[in-house]
Amino acid sequence: MDLDFMASTMLTLVAALPMTLALFSLSVIFGGLLALLVVWMRVGGNPVARGFAKGYIFIFRGSPLLIQMFLVFYGLGQFGFIRYSVLWPALREPFVCAVLSLSLCTAGYTAEIFRFGLRSIPAREIEAARAVGMSGFLLTRRILAPIAFRNALPAYSTEVMMMVKSTALASLVTVWEVTGVAQRLIAQTYRTMEVFLCAAAIYLILNFLILQLMAFLEYRLSPHRRAAPLFPAAQQ
Amino acid sequence: MASAPHLSSAPRLSVRNITKSFGTHQVLRGISLDAHDGDVISLLGASGSGKSTFLRCINMLEIADAGEIVVDGETIAMTQRGGRMVPADRGQVDRMRSELGMVFQSFNLWSHMTILENIIEGPVHVLKRPRAECIAEAEALLEKVGIAGKRHAYPAHLSGGQQQRAAIARSLAMKPKVMLFDEPTSALDPELVGEVLRVMRALAEEGMTMLVVTHEMSFARTVSNRVIFMKSGEIDCDGAPDTVFADGASPAFRQFIGNFGG
Amino acid sequence: MTGASGSVKEGIPGMIILQTIGFGPTGWGGLLLVATLMTLCVTAAALFIGMVFGTLIAWAKLSGSRIARAFGSAYTTVFRGVPELLIIYLVYFGGSSLVTAAGSALGYQGFLGLPSFVAGALAVGIISGAYQAEVYRGAFLAIPRGELEAAQAIGMHRTLRFRRIIAPQVLRFAIPGIGNVWQLSLKDSALVSVTGLADLMRTSQIAAGSTRQHFLFFIVGGCLYLVLTSLSDRVFNGAERRANRSMPAGIGQA
């Protein structure tokens, strides 16, 4: 194996890493916010909102991300009212389209994950909160959301890892992130294995770091699941 | 050995000097035992005394560190590999196991098969006997253990007592030379224990050779012809129930049965 | 019809839509249907390839050998952690250069491509194998140890035990997991379109490009994917119910 070639490949690929990270972090943030909205509609009392949320989850989890991305990238420009709207300068950008479709898609999966987190809350803990007079937003903020998020965290970690991989699809709408650059290098050099190994290493390290972060978050959020301290006095 | 009634005949099962350790903990410290035709031997002992491990060593679910197992005059060949004893011939072990019936504490019926399928599995696939013949025998066995109506049910749909009776029928279908029972009633609700003990008593009366690890004192006293009490991996006392349960038995055994209020 | 051509750009009348996606001489309906079948075939081939890989890897991960376990973990980590698109490139370009090398060894000059169906099924199969390995491993660990001991105690040798006790139960416990992997592969198979295979994704793209009706055809393609995923959901739910008939009521027979 040619080490010089590997090193220069690595440098070229790492240069595209900020793009991958930007796609990833923006779509995790927007997707997460959108998921909150969808799950709120899904578990709320309004039947129209519930139906819409169900349909949303069904569509975005049931079809491939690539077709969703192409629909946003190629499809939206077909409509005059979009082409002449104030949003068009943004929607014309491949990067915006990629983030938009990544966010829309992950929101569907994340909403389901959050919903299972909510369902795992013991009814007696909600009753206890109501008994002290909590309701509505206060109940959600102090009791429901923290427990649900903690319970949903393992599944959410998996979804976040899937998102790292999904950013690769942005290369198919001409956003030059790591996989896209790798494909270009393969087409230029025909040294598939070397380029693959470099790109794979980047993704695996990225995954590892995210996993560590998630594990740390899980640890911080679950003091109640750890063994009781041996010497309570020593903590004071 | 004073109580063994068949000194003239060769033993059906003979175990010599079995030792077994898990890590640094020595569970069996050299156990020997002969079971002759028709013997019903109850193995008693506190939990941790090694009686279940002993039973599991006999049909090689655990491999003993040293010692010898002889079934019907045939010694299981062992060999050293990587500093551990392993069976020299897997085929011999499988054949020997098919001659020893094992009944487990937690029944261990195969959950994806009906009761009838559980019973004919061994005869059809291990002994390779004709299926129709095996089904006929299986139905007779189900009749005998009293669950003929459940033959097409799955194990999960049966009570614990019914499952254990099915498991006994599964062992009997192999026509074993010796039956090993590993605490067969310990996982059962008290009201279900009786139905399983009745089946075992009937088997004993038919002359089946049985080795029973149990906590049922009345079974040990009235059904078995020999009682062995184990303590920290050794045989503490051994003899006919009348002598062992008599006042002259070892202090450890007296304390043990004292805990049962007997 | 003259008026229709003008309105094509801004949302098209119903008749035209029906003609464009219908089965007539100017319609794409037939091609889309064939493409849907192609997507099904590629996914099915990938599922079977993944079953073979998955079984081997699960076996390696459960084995006593440290090297086999390390290899198994490396496989699942890499092929679940690296973008699917990258793996498709690896198989397609890597496979093609292997085929070309083999060709030139046999005296054939020039580039030989790996057939895109083979490349696609293999790539998605390798990924699916990594997920299936975890499914099978979990399913094996879900078999109560006592049932395996009972099989040993009755004198079953290793292969008989695998065939009669382990395999049927692993398959039963694995059905929901295999269902999930199938859904995943169905969506991954859309990426195979980059190799030029005329699957549902690729055909929607071609139709969209040549009619300039991007929105319409990606919606139609997306709907066909939704039909596939929801139908397969039903099939796997049915299979799960059937396989769980030996479970206590209430757990399997909801």
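Reminder, nothing fancy here: chain letters follow the sequence lines and each chain counts from 1.
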Within the supplied structure, the quantity of interest is the number of heavy atoms (other residues, nucleotides, ligands) at a distance under 6.0 Å from [X] [atom1]; does it exceed 12?
| X | atom1 | answer |
| --- | --- | --- |
| A:F95 | CZ | yes |
| A:W40 | CH2 | no |
| A:F30 | CZ | no |
| A:L11 | CG | yes |
| C:R212 | CZ | no |

Most contacts with chain A, counted as non-hydrogen pairs under 4.5 angstrom, among [options]:
| options | value |
| --- | --- |
| C:T77, C:V194, C:L85 | C:L85 |
| C:L186, C:L191, C:V227 | C:L191 |
| C:I219, C:V78, C:I87, C:L90 | C:L90 |

Distance in Å, [X] [atom1] paired with [Y] [atom2], rounded so as to fall on 0.5 Å steps:
| X | Y | atom1 | atom2 | answer |
| --- | --- | --- | --- | --- |
| C:S230 | A:F58 | OG | CZ | 4.0 Å |
| C:R80 | A:M162 | CZ | CE | 9.5 Å |
| C:K187 | A:R61 | NZ | CZ | 7.0 Å |

Quick check: closest heavy atoms across [X] and [Y], and the distance to 0.1 Å?
| X | Y | answer |
| --- | --- | --- |
| A:S63 | C:L226 | N-CD2, 3.9 Å |
| A:Q78 | C:F215 | OE1-N, 2.7 Å |
| C:S193 | A:L66 | OG-CD2, 4.0 Å |
| A:I67 | C:G221 | CD1-C, 3.6 Å |
| A:K165 | C:P83 | O-CB, 3.7 Å |

Notebook entry, point to check: For the candidates A:L76, A:L172, A:V164, A:V72, which exhibits the highest count of non-hydrogen atom pairs separated by less than 4.5 Å from chain C?
Noted result: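 Heavy-atom pair counts peak at A:L172.
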
Checklist line | Contact leader toward chain C among A:T179, A:V178, A:V195, A:T167, where contacts are heavy-atom pairs under 4.5 Å | finding: A:T179

Next item on the list: Heavy-atom distances under 4.5 Å only: say whether C:L98 touches chain A with side chain, backbone, both or neither.
Entry: neither

Note to self: Evaluate C:I88 against A:Q183 for side chain to side chain contact (heavy atoms under 4.5 Å, CB included), listing each step before the verdict.
What the structure shows: CA-CA 10 Å; C:I88 290 172; A:Q183 190 266 332; over 6 Å; no

Check: Could you go step by step and tell me if A:F70 and C:Q205 meet the side chain to side chain contact (heavy atoms under 4.5 Å, CB included) rule?
Finding: CA-CA 8 Å; A:F70 278 9; C:Q205 220 178 324; 3.4 Å; yes

Next item on the list: Please work out whether the ring planes of A:Y74 and C:F218 are parallel, tilted or perpendicular, with thresholds of 30° and 60°.
Entry: tilted

Check: So which residues of residues 199-215 of chain A are in contact with chain C at a heavy-atom cut-off of under 4.5 Å?
Finding: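 Residues of residues 199-215 of chain A touching chain C at under 4.5 Å: A:A199, A:A200, A:Y203, A:L204, A:N207.
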
